[in-house]
Each structure stands twice: as C-alpha cells, then as structure tokens.
Colleague: 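Next up is a structure, given as structure tokens.
Since the structure is predicted, the reported quantities are computational estimates derived from the model, not experimental observations. First the proteins, then the strands, lettered A, B, ... as listed; each starts at 1.
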Amino acid sequence: MKELSKTYDPKKVEDAWFTHWETEGYFHSEPSNKKAPFCVMIPPPNVTGMLTMGHVLNNTLQDVLVRKARMQGFETMWLPGTDHAGIATQARVEKHIRETENKTRHDFGREKFVERIWDWKDQYGGMIIRQLRKLGVSCDWERERFTLDEGLSKAVREVFVQLYEKVLIYKGKRIINWCPVSHTALSDEEVIHQEKNGKLWHFKYPVKGEDGRYLVIATTRPETMLGDTAVAVNPKDDRYTDLVGKSILLPLVGREIPIVQDDYVDMAFGTGAVKITPAHDPNDYEIGLRHDLEFINIMNEDASMNEVVPEKYKGMDRYECRKAVVADLDALGLLDKIEDHIHKVGYSERANVPVEARLSEQWFVKMEPLAKPALEAVNSGKIKFNPERWVKTYNHWLENIRDWCISRQLWWGHRIPVFTCTDCGWESAEREDPTICPVCGSKRIKQDSDVLDTWFSSWLWPFSTLGWPESNEDLKYYYPTNDLVTAPDIIFFWVARMIMAGYEFMGELPFKNVYFTGLIRDMQGRKMSKSLGNSPDPLEVIDQYGADALRYGMMLIAPKGHDILFDTSQIELGRNFMNKLWNASRFVLMNVDESTQMGILPDDADLETADKWILAKLKSTIESVDKNLGEYRFNDAAKDIYDFTWNNFCDWYIELIKSRLYGDDARKKNAALHTAIYVLRNIVKLLHPYAPFITEEIWQSVKADEEKDIMVSDWPTTDALKPSANAVKEMGLVMDVITAIRTIRSEMTVPPSKKADVLIGGGSVETRSILQTQAEYMSALAKVKDLSIAESVDKPELSSSAVVGDLEIFVSLEGLIDIDKEKERLEKEIASFEGRIKGIKGKLNNENFVSRAPENVVQHERNKLANYEESLALLKENYGKLAK
RNA sequence: GGGCGCUUAGCUCAGUUGGUUCAGAGCACCUGCCUUACAAGCAGGGGGUCACAGGUUCGAGUCCUGUAGCGCCCACCA
C-alpha cells in the first residue's frame, strides 16, 4: 500500500504525471473506426503571447470537455497551436531589434527581416505552449500547428485564389483605417472607439468675392482643413441658400473651394456648414464622390503632414499641426469660437493610437454572399451558442456586414498571391508563383507586396489544421468539430468568419457548439492588463497553489458567460478542496490492507443505512454532474462534486464509518471500507476533468492492478447504484438529531471531551426504531454517554432540550446548564416556530389558495403546519418545566 | 442613436420548469475545539424588505411593464 503525505504537494506530482501521460501517448489521437470522434480546436493564442488568466479560464474549460469526452469513450482530439499575429509579432521584433542593435527593419530589408522574425519565433515564440502544458491541458501535442506553417499557408493561398476567381476578393481605392504607428491598413474590427473629451472649433471661412462675408464651419479636426476641397450645407437650409454656387477661399492654403449642397449635412449640428476633406474622412469621401471633388492627401504614413501642405506645416505631426493651424487662424481673426465636445475617437487595437482615415488602394473580401449560410446555420440551431444571447450580436453584425479589408502593409504574414506583369499589365492570383507572364511572355512579374490580415488564416483554422485543401482521413474523421470555447470579444474577428469559411470552403459547419466565456477582470471590475499590473501571473499561482487548485478554483467562480471578478485568494478555495480530498483519501487508504479489493461494491446484505445513503447521494451527484456539464454549467458541476465530497463524504460518511473501521468485526469493516473506496474512486473520476493531477495521483492507490490510468479510464455511471429513499430519509433523521444535540452542546459550551446523557422521547414506533438502530452513530458523532429512547421520557432535572419534528431531545448537563441561557434558547425557538405557523395559517386561511393551488401543494402546507404545531407544543411544554 | 447584460448577506457570487428548507455557498465575523484523515481543519452561531415602483397569479428572487444606477457591444453626425 502506498503511504500518502500529510499535506498534498502539487509540485511533487504534476510534472511527472504530465510526462507520463505524454509518454503513454494518451494525448494523441488517430481516426478510429470503432469510436466516434470528439474534436476541439484551440483558439490559437498569439505566438508572442504569455499565459494569462483568460487563457487559464478558456483552456481549462476546453480541457474539462475534452477529458470528460475521452473518459466517455470518444476518440478525442484537441488540436493546439499558435497564431502568427502579424502586427503584434512584427512590432515585437522591431522593438527587439531597435533595443538590441539600434536598427530598423529597413536596415535589413524584407527578406532578412522576415528571417529575423522566424529566428525570434524559434527562440522566444511559443512560450505559451509550454505554459499551457504546466496547466495540464490534454492537447494532442503532436498535432501542434502554426498559422504561418507550410500547410496552413497553402490553405490560405488556395482560399485567396478561389475567392479571387469568384471575384469575392477585389482591389479597391477606399478610405480605410490607417495605423500611423504600424504603418498599415486595419479592418473595421481592429479599431476601438473610445469616448474622448475634445473640442469643436468654429472657423470663419471667407466667401470669395464677398468682402467681409464668412461662412462659419465647425470641426473636430482643424489640421485636416489643409486638405479641404469643399464646404457643404444641407439643401433645405435656407440660411445658406444664397451662398450655394459661390466658393470659399481656403485660409492658410489659398485654394478656392466650392460650396456644395448635400443631404448628409445635419442642419442642427454646429453651424450647419461642414468642411469637406475627401481624402481624410469616410463621409467626406462619399460627398467627394457625389460632387466630383478633389481628393488631396495631406499626410504621410506616420500621420505627419506631407509635402502638399504649405511649407510651414510640412513634416509636422498631426497634433502639432492642429495647434499651429488653430493659432494661425486665430491670428488672422478667423477663429470664431471653441466649444467643448465629447466624441468617439477610433484607436488602433494594437498600437493604441488614434487611427487615421486614409485613402488608399487595398484588397477586400466581399462578405455579403458568405454571410447568408452563416446566418442560417446559427438561426436554425445547427450551430448552438451558449449563452444563447450572443446570437443577437452575431446576427446584427452579419446582417450589416461590410467588406473586409484584408491587406496589410507589413512583412510578417502570408503574402498576397497576386502577380502582375510590368509589361502588359496582366494580373492574377496564382496557386504557384509564375515565372513568365502567360499573356506576353515577359519575365518581369511582380508579386503584390502586402500581406494578409492575420485573421485571414485564423478563419480557416478548423479545417486548415486538418490538412485541407488536401483531402485526407483526418479531415473526414474530425470535421466538423464539436465544441468551440472562446471569449465573446472575438465573435466577429473569428467565430463568425470561421462559420462563413466553413460553409464556403468545406460546405459544412465548422463546429456544433460555441461556448462563450466571460472576461476576467480584477476585483475593481477593470480588465486585466499589463499596464495596470493587475493581472496575476498564472505560473506564479500554479507555483503557489498547484495547477489543479488554479483550474478548479477558476471553474468554481466561472459562471455561465458572465464576466468574472478574479482574485488570487479565490484560488485558495481550490487549494483547500484539493487538500481536503487528499486527506480523505489518505484516511481511506490508511485502512486498506492486502485483502482489500479495489472497485468492488459490498454485498447488499452487508450494507448499513449509512452506506446506502452515501451511495444514493453518489448516484444523484453523478446525475447532476452529467446534466450540468451537458449544459455547459461548469461551475454547477464543480459545485456538485465539492458539496458531495466535503459535506456528504467527509463531514458525515467518514465520521459514520469510523467505528466500524476501528472495530473488530471484519465483515462490517470490509463493507464500510469497500463502500468508501467505491465512492472515492467515483469522486476522483468525476473530478478528473477539473483537477487531472491530484486525481491521477490518488487513483493510483485506489485502482485495481489491471486498471488503466484515470486519464483513460471510464467515466462514472450510475448503473450499479440503486436509489434508496429509505436510507436517505433515515440518515436525514439521524443527522438532524445529531445536529440538534451538537447545537445544544455548543450553545451550552460543553467541553468536547465531556460526554452527556441523552434522552429522546416521542415520535412514532418506526422513528424510534430507526434511532435505536442508529444509536451508535449518535453516540459517536454527538458525544453521547447513555442514550435512552422511549415513547415518553421525563425531562431530567438539569438538562437542555430541543425538538426535532415530533421528537423531544434532552441533553443532561449536570453542572453545565445555565438556566437563563436555556430559557433564551427556547424562547427564540418558540418565536421562530410561531412565526412559521402564522405564515402557513395565513396561506391556508386564504380561500383562493386552498381552492386553486394544486392539491399536493396544499397538502404539503397542511402537513408542515401539523408538524410545526406539534414541535411548538413540545417546546412550550419543556419551556414550562424549565420556568418552575 | 440602437442592442445586450448586471443589481440577492460586509465582500465575491449561485439560485435551471413560479410551489417540498427557497432565501443559499465561499470568504469575512462571533463562540468552542490541536477529537489519532485534514488548523488549508472540526462543531456551532449571527447576518439579507432578493435595486426601486407597478402588474400577472392562490402564490414572484424567479414571469411582464416601467424607473434608477453600473458595465459592455454596435452605429459615418463634422
């Protein structure tokens, strides 16, 4: 027999078990014709990433699903991997090179720089994968993929070509979101709108040919006036009717620009006159198109002013220029007024600086045709969202979907496979790099220099990782996958697009269920972030409490899809539970000897009420865990196991069997011990998906020799467990009596060492016989010396009393009873019963209740009333005896 | 401007089909215990008008309407 240490030390076992599982090949999956598949694709973390609490939550949830499925006999495959994260990774390496070598990417050139990123990736990247392993997650590590690896790159290229050929990918000159730090275009989803306190500047624009007459415009972006090519008013605005057709002499620039009419202009906002900068604002761009205006780009890639602006402003940063323009207009007497103004400013998701609207040529995916099947799949219920409310968000986005800007002016990523001939202008997207132009035969062929948005590879993840576009066994077997677990903040970036890609390229849904997690916040409700320093390092938490404690604690506080306020102290709960389980196991194992058989249930004839009771509780626990996990109620299932283990098994059952274990009757001892082992085996199995390490460790001591490791064992069933209503009822009674005695003892501060005589009177013959049978339990658990049970008993002179239903209980407390305390106790009890009785009487006196409520409900109230009244009578009687 | 969510004990939160202890858990607090599995523990206890106002119902923490506060998402008002 294996001796367990007194406190559980996760450090001693966790790494060893992980290595063992990996060596045994438990993580790996291959298509099987005997088993049904269960497949989960990890949301690939950024290759630059470090493990956060968000990852802990997300990956533990997946591991719970996966480990349970594996135990249930599915051929289970959880595919891990990382995302190349274009902007983030490139920026990281650029920073690294700037800091270590004081160089920029341009010092290297494209090819060399990309090589440097690969070097960096090999050296520092994928840290998060190693960290995930510390968490114990059971991914198929042999199948790890990277969005920029060869296979996935091939899938990306195939998809691009297909969409290009269907003209669902096109190149267009548009106003896009431009990040002035990363120097690239961004998609709409990569822009975060933040509310800011800004100003609304009112400028006087001189009307040409009308000396001293001005048109006052209002703007939040003074610096862009250098690129103004019109002023617009609403056609219905009669304040300005006479100005239409006239023009403005643009101050500081001297350009003559027209005054135009456009419905877009809101007469009620500002002055009703708007400056139009078609190259720097999406609305102005539309107006520019409608009125055939000039498009003047006044900025460089870094949002500094370019050479088309007047000399003075050239090279200025946009905000520096803003100050200068305002000052200069003021000096000219053209600043009318400045108002405070709250407005939304778009920030670059990655670089956290305001984005610039920029007119440029980019590649787009036409989304509307892809959205249709994706909408249908979710709304028909083929794909289920948990919680369901995210369907609305999903629908809203897809119903108003806009084309996806997929080109990025970066070097790190999948290069756009579009080639043009410099001689004849031929252009095409190609699966293989062409060497000569198929039209004119020229060898002067250029590939587009941009790369694709990172999400353009992520949206293929559920099938590109399985080898698509090659057809193969993996793809046939594992696709469509089962569950996707992800945070709701990437519902547009990723979830919706994966569904679209699934239907477009595979003709089928990519997964059947989506579980949206909550966001992890700190106790003040703030998002966890590096800059706030409020994000605990999961590895430190693991070091302190163990991976199981972290995982289990996290699951226990992770309600269904709500944000989570996280504090490390909450993990203590998990740690305490692991230790409790450890010690319960230790206790059971201390009683094991060579004759003990693991995994058998004793003969029915040998089972005592307590055994039947714990087995009945186990049965309902297994059922509840199954039900809750089936509904993605991870926290409820975790709580089921906790309550059963701690409250039923440890606090009651183990205490109840001690006398048998310590006694001489081998048969009784065996029944108790084997029941305890049976229950414990089921507990560790139920808990294994949540806490894989400790359960594997304990399992080794309670498994039969021929049994496999717990990770690949069978999920608990209730097949061998019979419900036992009698045992539950009987134990309930015994536990109530024990608690009543304990309460008296505690309230009278009887020292635990002191045993007391107890008299129990009243009740039915049946009740008394139950108590008589279980007398030993009461003696042991309530520290009773002599116990007498009779139909009627006389209250001992110096005693304290309690009432349990129609039973009265006297605890004889010579020398310890405090009459005043006892009086107070009973008065409180009496008041409590009187209150309850009053409530029920009120109900039963209500004619409507009696006539309209279901019979069983009414009957239940009547029973309750009768019971309470009986209890009250006994209480009053005893109180009367006390008073005299 | 639309949409979603939250409000239950001092704190963090459960509460699934309206009705069996449905007013709960953990932490914190109070009392007593190093009782040979566990002080990361054991036994007992105090503590809440379920945000507010209406409504439906025999019956509402639970369903409906409205209000307030907080939070999030989406949207081109300069």
Colleague: Within the structure shown, what part of the strands sits under 4.0 Å from K344(A) by heavy-atom distance: base, sugar-phosphate, or nothing?
Modeller: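 The answer is base, as K344(A) lies within the cut-off (heavy atoms under 4.0 Å) of a base atom.
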Colleague: Counting just side-chain N and O atoms, does N635(A) come under 4.0 Å of either OP1 or OP2 of C13(B)?
Modeller: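 No, outside the criterion.
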Colleague: Is there, by distance only and without an angle test, a donor paired with an acceptor across the side chain of R575(A) and the base of A40(B) below 3.5 Å?
Modeller: yes
Colleague: From CG of D636(A) over to C1' of G26(B), roughly how many Å is that when rounded to an integer?
Modeller: 15 Å
Colleague: May I ask which nucleotide in the shown strands pairs with G46(B), Watson-Crick or G-U wobble, both distances under 3.5 Å?
Modeller: none
Colleague: Looking at every strand, decide which applies to R825(A) at a 4.0 Å heavy-atom threshold: base, sugar-phosphate, or nothing.
Modeller: nothing
Colleague: Would you classify K627(A) as touching base, sugar-phosphate or nothing, given that sugar-phosphate means primed atoms plus P, OP1 and OP2, and contacts are heavy atoms under 4.0 Å?
Modeller: base
Colleague: Donor-acceptor pair under 3.5 Å: do we get one between E655(A)'s side chain and the base of A37(B)?
Modeller: yes
Colleague: Under 3.5 Å for both donor-acceptor distances, Watson-Crick or wobble: does A78(B) have a partner, and if so which one?
Modeller: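 Answer to the pairing question: none, since A78(B) forms no Watson-Crick or G-U pair.
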Colleague: Around atom NZ of K785(A), are there more than 12 heavy atoms of other residues, nucleotides or ligands at under 6.0 Å?
Modeller: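 Check fails, neighbour count at 12 or below.
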Colleague: Can you check whether K658(A) has a side-chain N or O nearer than 4.0 Å to OP1 or OP2 of A37(B)?
Modeller: yes
Colleague: Look at all strands and tell whether F566(A) reaches a base, only sugar-phosphate, or nothing, counting heavy atoms closer than 4.0 Å.
Modeller: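 Nothing, no heavy atom under 4.0 Å.
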Colleague: If we count only N and O atoms by modelled type, under 3.5 Å, do the side chains of D266(A) and N234(A) hold a donor and an acceptor together?
Modeller: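 Judged by distance alone, the side chains do not pair up.
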Colleague: Categorize G272(A) for me: base, sugar-phosphate, or nothing, with a 4.0 angstrom heavy-atom threshold over every strand shown.
Modeller: base
Colleague: Hey, does F492(A) reach any base, or is it just sugar-phosphate, or nothing, if we go heavy atoms under 4.0 Å?
Modeller: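 Sugar-phosphate, backbone atoms only, no base.
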Colleague: Could you tell me the separation between the CZ atom of R290(A) and the OH atom of Y264(A), rounded to the nearest 0.5 Å?
Modeller: 9.5 Å
Colleague: Base, sugar-phosphate or nothing for L200(A)? Non-hydrogen atoms, less than 4.0 Å.
Modeller: nothing
Colleague: Could you check whether T739(A) gets within reach of a base, just the sugar-phosphate, or nothing at all, counting any heavy atom under 4.0 Å?
Modeller: sugar-phosphate
Colleague: Under a 3.5 Å limit for both distances, which nucleotide forms a Watson-Crick or G-U wobble pair with G71(B), could you say?
Modeller: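 Base-paired to C4(B).
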Colleague: Tell me whether the OP1 or OP2 atom of C42(B) has a side-chain N or O from K580(A) closer than 4.0 Å.
Modeller: yes
Colleague: Searching all strands shown, indicate the nucleotide that pairs with U16(B) (Watson-Crick or G-U wobble; both distances under 3.5 Å).
Modeller: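 U16(B) is unpaired by these criteria.
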Colleague: Pick from W397(A), Y394(A), W390(A): which one makes a ring-ring contact (aromatic ring centres under 6.0 Å, His included) with F492(A)?
Modeller: W397(A)
Colleague: What's E286(A) touching, base or sugar-phosphate or nothing? Going by heavy atoms closer than 4.0 Å.
Modeller: nothing
Colleague: Mapping D643(A) and F649(A) onto RNA chain B by nearest heavy atom, which one lands closer to the 5' end?
Modeller: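 Its nearest nucleotide lies further toward 5', so the answer is D643(A).
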Colleague: Mapping D188(A) and H341(A) onto RNA chain B by nearest heavy atom, which one lands closer to the 5' end?
Modeller: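 The 5'-side residue here is D188(A).
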Colleague: Once you apply a heavy-atom cut-off of 4.0 Å, does K754(A) come out as touching a base, just sugar-phosphate, or nothing?
Modeller: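 The residue K754(A) makes no contact with any strand.
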Colleague: Under 4.0 angstrom, heavy atoms only, what part of the nucleic acid is D284(A) near: base, sugar-phosphate, or nothing?
Modeller: nothing
Colleague: With a non-hydrogen cut-off below 4.0 angstrom, is W646(A) in contact with a base, only sugar-phosphate, or nothing?
Modeller: sugar-phosphate
